[in-house]
4 protein chains.
Amino acid sequence: MTGQLRADAKRNRDQILAAARDLLVNQGVGVPMEEIARHAGVGVGTLYRRFPDRIALLRALSVHTVEHMTDLARTALRTEPDAWTALSRFVRECVALRLGALRSIVDPQLHTALHQSDEVRSARKDLLRIVEQMIDAAQRDGSMRTDVGVVDVAMLVSLHLKRPFDVPGVLAEEMDARLTQLMLDGLRPGCATPLPGKPTSFADVEWHADH
Amino acid sequence: MTGQLRADAKRNRDQILAAARDLLVNQGVGVPMEEIARHAGVGVGTLYRRFPDRIALLRALSVHTVEHMTDLARTALRTEPDAWTALSRFVRECVALRLGALRSIVDPQLHTALHQSDEVRSARKDLLRIVEQMIDAAQRDGSMRTDVGVVDVAMLVSLHLKRPFDVPGVLAEEMDARLTQLMLDGLRPGCATPLPGKPTSFADVEWHADH
Amino acid sequence: MTGQLRADAKRNRDQILAAARDLLVNQGVGVPMEEIARHAGVGVGTLYRRFPDRIALLRALSVHTVEHMTDLARTALRTEPDAWTALSRFVRECVALRLGALRSIVDPQLHTALHQSDEVRSARKDLLRIVEQMIDAAQRDGSMRTDVGVVDVAMLVSLHLKRPFDVPGVLAEEMDARLTQLMLDGLRPGCATPLPGKPTSFADVEWHADH
Amino acid sequence: MTGQLRADAKRNRDQILAAARDLLVNQGVGVPMEEIARHAGVGVGTLYRRFPDRIALLRALSVHTVEHMTDLARTALRTEPDAWTALSRFVRECVALRLGALRSIVDPQLHTALHQSDEVRSARKDLLRIVEQMIDAAQRDGSMRTDVGVVDVAMLVSLHLKRPFDVPGVLAEEMDARLTQLMLDGLRPGCATPLPGKPTSFADVEWHADH
DNA sequence: CATGAATGAGGTTTCATTCAT
DNA sequence: TATGAATGAAACCTCATTCAT
């Protein structure tokens with residue numbers, strides 16, 4: 001019974017998260033809670049039972065997404081022949097995810113609120129740690145410029161969290177791919193121009209971890 | 001007399017635009033109209049007299065900003081010794097502008113609405129035209145990879161329209177500068193990896209001009 | 001359970017309609033929605049949940065009222081010994097209803113908006129059909145002039161949709177009754193003066209039905 | 001100079017009244033003061049200089065209209081061969097005037113406010129007096145039923161102050177003419193049914209005169 | 001004296017959240 | 001426990017009126 005119920009509950013939770021993700025990606029941060037509930041096929045009441053308020057929903061979404069990214073990173077690292085290839089693949093996959101849900105990140109206040117959660121911070125730490133491994137390895141074998149750190153890469157990826165606008169005659173996916181490639185090329189050693197400041201590594205941020 | 005009155009009105013208009021810009025940059029697209037009015041030191045009524053509704057305000061802001069960017073581009077092209085330097089400077093200046101007002105662009109619906117205005121489209125055309133000149137020149141003298149077009153550059157810049165989040169121990173300005181440089185390096189010929197698709201030039205979009 | 005809930009909702013809906021009717025009759029079309037809500041003993045939110053906007057409320061009210069009139073017409077036709085008596089009674093009852101809610105009809109734009117609803121049009125058709133039956137019968141047995149049609153009668157009745165102003169020393173009800181009688185007398189054959197144009201029957205309007 | 005100015009002022013005043021009348025007739029009581037000013041070709045300031053507030057404008061309009069009706073009544077009485085013909089003509093002319101400006105009369109509060117002006121009351125008295133003369137004469141020569149008084153007629157006419165709704169296939173003017181004729185026929189002796197109450201004459205209301 | 005800019009109270013509507021069923 | 005009805009604070013916008021030019 002409890003098992004049954006839990007399964008139901010889990011399913012509800014997932015449907016809600018999926019609906020929230022879709023709507024946030026497509027309609028912006030303003031989507032009414034009621035619409036999210038409707039898309040998830042549940043009543044508002046149920047939504048609020050699972051997530052006490054809007055910010056809790058966004059937090060859960062955030063954690064969910066970051067965990068997904070961590071999986072992608074781990075798999076890439078394990079599967080690809082070398083670190084740079086792994087990193088490129090990871091970055092491309094992140095962008096392809098259309099992580100619009102994190103677009104909320106665009107609102108400074110929301111962003112702050114989001115990161116006041118230990119769960120979010122911890123998920124993010126896991127992700128940063130593994131990405132840093134990729135970066136380190138790539139830099140060691142000379143396939144990546146050495147004056148950049150995890151934070152630089154994270155910021156670059158986060159720039160892509162928004163959906164690219166439609167350009168007449170260019171597919172959004174293609175545009176995405178082009179921009180991503182340009183970004184990756186900029187991380188290569190061949191064309192490196194000196195950067196202001198120093199790279200920020202995982203160790204430098206882990207105690208605050210609210211960027 | 002009417003002139004005098006107009007001066008007042010003009011001043012109000014400018015104050016409103018300035019206030020709107022600030023607040024939009026710092027608080028996101030959701031800022032209440034009343035708060036904008038308060039910051040501008042006028043009543044809501046005045047705000048609505050100048051800009052019939054929220055979208056009209058955003059449009060005006062958009063045009064204003066784009067025109068400013070066009071000035072920057074023109075000046076850079078005139079002042080700098082070569083095209084690539086001009087383009088780099090222009091890109092850095094755009095980013096430094098913290099064009100947060102255009103962050104509205106992050107909401108697909110808002111973006112569409114924004115571009116239903118001839119004034120916006122035309123301002124944008126002017127900007128694209130001059131940026132394309134810079135790009136062409138830089139490509140001709142071999143300082144820029146030749147497989148990118150205005151639209152790629154415009155999209156790259158637009159990625160910066162949002163304020164970078166605070167990373168502990170790193171100044172936002174520094175972070176901005178680093179990311180910008182990485183992006184610019186990616187546009188150089190030295191490290192170019194083939195891009196999917198073809199570059200989109202001004203001529204390809206000018207008839208629609210709503211990207 | 002759902003049934004029970006619905007019962008509550010139904011009651012609220014009816015209270016809102018009743019309150020709206022009262023206030024519209026007594027204070028004109030301009031009554032604030034909040035006041036309607038307050039009089040109905042519910043929050044504004046509830047009002048808006050039932051009726052998405054002001055016009056929807058007016059439409060519902062309109063349908064409700066027209067249906068009531070249809071009932072009156074049917075009953076009169078069934079109960080009274082002859083058609084003219086039935087028609088007179090129906091007209092008197094309509095007037096007595098103080099159909100002030102329909103006073104909205106006084107505003108051309110509102111009127112147009114009102115009739116863009118199929119429900120309203122269909123309710124009105126039902127009413128017109130039955131009234132036409134009364135008229136036809138009355139005309140056949142010679143108790144009513146034959147140069148008038150439903151539309152004439154409908155328009156005459158609609159003239160009464162506004163509350164008569166207080167005349168010192170005359171009760172509003174009495175005034176109403178006198179005017180109604182004068183109108184009814186004008187529909188008799190005894191004093192008929194030729195009318196310009198031709199009578200409009202139900203068949204002539206039913207396809208448009210938006211008068 | 002003063003003469004010149006006064007002429008200007010007079011012209012302004014008349015233009016405002018005309019514009020107000022048009023707009024009220026066509027768009028309902030809700031017309032913004034600014035729109036009235038625009039239609040009159042003056043600024044709001046000027047409008048407010050002439051009429052301290054909205055109600056003052058409506059009052060002036062009311063007086064203006066009633067005086068016009070009085071003129072019509074007098075002329076009809078002087079010109080037509082007999083009293084009933086004069087009365088019929090007067091009634092038809094009033095209806096044709098489309099006295100929509102007085103539609104304000106539809107809002108009870110407005111109506112009350114309107115009649116708190118001596119000027120309005122006095123203009124109305126003049127009108128009632130002359131109409132009563134017509135009625136008396138018509139009743140004396142047997143062309144009008146004797147159980148009705150000025151107030152009945154006034155109320156009947158006032159019912160026509162609203163614009164008739166468009167009925168597909170029937171011209172508004174024709175509809176107006178038909179209804180008016182039906183009303184007039186009801187005032188004839190031929191088909192008279194006993195009325196409840198007693199007729200109210202001018203003398204009965206003149207001391208209060210705020211119906 | 002005319003103008004139209006500015007004001008702000010007040011009406012309309014939306015939506016996050018609570019709560020009865 | 002799921003539902004969706006109810007709530008009301010807060011946003012948006014309008015317009016009567018005042019006031020500086």
Side-chain angles (χ1 to χ4, degrees), chain A residues 5 8-9 12 30-38 41-55 57, chain B residues 1-13 16 30-38 40-56, chain C residues 1-13 16 30-38 40-57, chain D residues 5-6 8-9 12 30-38 41-55 57:
Chain A
L5 280 175
D8 258 39
N12 268 345
V31 209
M33 294 297 263
E34 200 142 348
E35 193 163 350
I36 296 176
R38 192 168 45 252
V42 304
V44 235
T46 305
L47 194 165
Y48 273 91
R49 162 168 293 275
R50 299 290 165 237
F51 308 96
D53 56 16
R54 171 174 267 263
I55 190 72
L57 174 58
Chain B
M1 288 117 218
T2 312
Q4 200 101 12
L5 211 63
R6 275 204 173 145
D8 255 43
K10 176 77 167 59
R11 190 150 47 79
N12 270 338
R13 202 191 123 100
I16 290 172
V31 221
M33 295 296 263
E34 295 224 34
E35 193 162 350
I36 297 176
R38 193 165 46 251
V42 303
V44 231
T46 304
L47 196 166
Y48 276 95
R49 164 178 282 270
R50 296 294 157 226
F51 307 98
D53 55 16
R54 171 173 277 268
I55 190 70
Chain C
M1 288 116 216
T2 313
Q4 201 101 9
L5 210 62
R6 275 205 173 145
D8 255 42
K10 176 79 165 61
R11 191 152 44 79
N12 269 339
R13 201 191 124 99
I16 291 171
V31 221
M33 295 296 262
E34 296 225 35
E35 192 162 352
I36 296 176
R38 194 167 43 253
V42 303
V44 232
T46 305
L47 195 165
Y48 275 93
R49 165 176 282 269
R50 296 295 155 224
F51 308 98
D53 56 16
R54 173 173 276 267
I55 190 72
L57 174 58
Chain D
L5 280 175
R6 276 206 153 157
D8 258 39
N12 268 344
V31 210
M33 294 296 263
E34 199 141 348
E35 193 163 350
I36 296 176
R38 194 167 43 252
V42 302
V44 236
T46 306
L47 194 165
Y48 274 91
R49 162 167 294 275
R50 299 288 164 240
F51 307 97
D53 56 17
R54 172 173 266 263
I55 190 72
L57 173 58

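In what follows, chains are A, B, ... by sequence order, proteins preceding strands, each numbered from 1. Atom set for the values below is all heavy atoms of this structure, side chains included, hydrogens, waters and symmetry mates excluded.
- For the pairing with L47(B), the side chain to side chain contact (heavy atoms under 4.5 Å, CB included) check across E34(B), M33(B), R54(B) returns one residue only, M33(B).
- Shown here for D53(B) and Y48(B), the closest heavy-atom pair between the two residues is CA-CE2, 4.2 Å.
- Set against dT17(E), dT13(E), dC15(F), the side chain of M33(C) has dT13(E) as its closest nucleotide.
- The distance from atom CD1 of I16(C) to atom P of dA5(F) is 12 Å, rounded to the nearest whole Å.
- The CG atom of D53(B) sits 16 Å away from the P atom of dT13(E) (whole-angstrom rounding).
- Relative to the side chain of V44(A), the nucleotides dA9(E), dT13(E), dG4(F) differ in distance, and dG4(F) lies closest.
- What separates CG of L47(A) from P of dT1(F) is a distance of 16 Å, to the nearest Å.
- Each of Y48(B) and N12(C) lies near DNA chain F, and the nucleotide nearest N12(C) is the one positioned closer to the 5' end.
- dA20(F): Watson-Crick or G-U partner is dT3(E), with both key distances under 3.5 Å.
- The minimum heavy-atom distance linking L57(A) with I36(A) is given by the pair CD2-CD1, 3.9 Å.
- Rounding to the nearest 0.5 Å gives a distance of 13.5 Å between OG1 of T46(C) and CZ of R13(C).
- For R54(B), a side-chain nitrogen or oxygen approaches OP1 or OP2 of dC12(F) to under 4.0 Å.
- Of the two residues near DNA chain F, G45(B) and G45(C), the one whose nearest nucleotide lies more 5' is G45(C).
- As a whole-Å value, the separation of F51(B) CZ from dA5(E) C1' is 14 Å.
- Contact annotation: T46(C) side-chain N/O to dA5(F) OP1/OP2 distance is not under 4.0 Å.
- The CZ atom of R50(A) sits 20 Å away from the P atom of dA16(E) (whole-angstrom rounding).
- Rounded to a whole Å, the CD atom of E34(C) is 8 Å from the P atom of dT12(E).
- Rounded to an integer number of Å, the gap from R49(A) CZ to dT3(F) P is 11 Å.
- Spacing between atom CD1 of I55(C) and atom C1' of dT12(E) amounts to 14 Å, rounded to whole angstrom units.
- Contact annotation for V42(A): backbone-only contact, meaning every heavy-atom pair under 4.0 Å involves sugar-phosphate atoms and none involves a base.
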